[in-house]
Amino acid sequence: MEDVRSILDVRTKKTVARWLQSKGIFYFRIGRAYKIPKVHLMNYFFNVSSI
């Protein structure tokens, strides 16, 4: 989550969590931590950039 926040230049983790849920990027939670497989994040950005 922290890596995504820094890449996207977003201020809070809550913003990243809302963004992930609304954009439909695959993630899973382990306890309180969000885990986003790198391949899913890359696929999302490549698909968005090609539109």
Side-chain angles (χ1 to χ4, degrees):
M1 183 80 100
E2 193 64 33
D3 293 337
V4 174
R5 189 185 70 74
S6 65
I7 290 169
L8 300 176
D9 195 27
V10 177
R11 292 185 184 190
T12 67
K13 291 180 184 179
K14 280 186 175 183
T15 302
V16 174
R18 282 193 312 260
W19 187 79
L20 288 174
Q21 291 171 353
S22 70
K23 300 296 184 184
I25 296 174
F26 176 77
Y27 67 93
F28 57 94
R29 290 184 65 172
I30 298 177
R32 299 178 114 191
Y34 286 83
K35 300 295 182 179
I36 307 156
K38 189 176 188 177
V39 68
H40 291 285
L41 193 60
M42 290 173 51
N43 284 340
Y44 175 77
F45 284 116
F46 286 133
N47 289 334
V48 169
S49 65
S50 66
I51 295 176

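Heavy atoms only: backbone and side chains are in, while hydrogens, waters and symmetry mates are out. Just so you know, these numbers come straight off a predicted model, no measurement behind them. In this chain, numbering begins with 1 at the start of the sequence shown.
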**Request:** Mind listing the closest non-hydrogen atom pair of Ile36 and Phe26 along with its distance?
**Result:** CG2-O, 3.8 Å
**Request:** Provide the full list of side chain to side chain donor-acceptor pair (under 3.5 Å) pairs with a residue in residues 28-39, sequence neighbours left out, each pair given once.
**Result:** none
Extract all donor-acceptor atom pairs below 3.5 Å that involve side chains of residues 10-17 and protein atoms in other chains or at least two apart in sequence.
residue, atom, partner, partner atom, Å
Thr12, OG1, Thr15, N, 3.2
Thr12, OG1, Thr15, OG1, 2.7

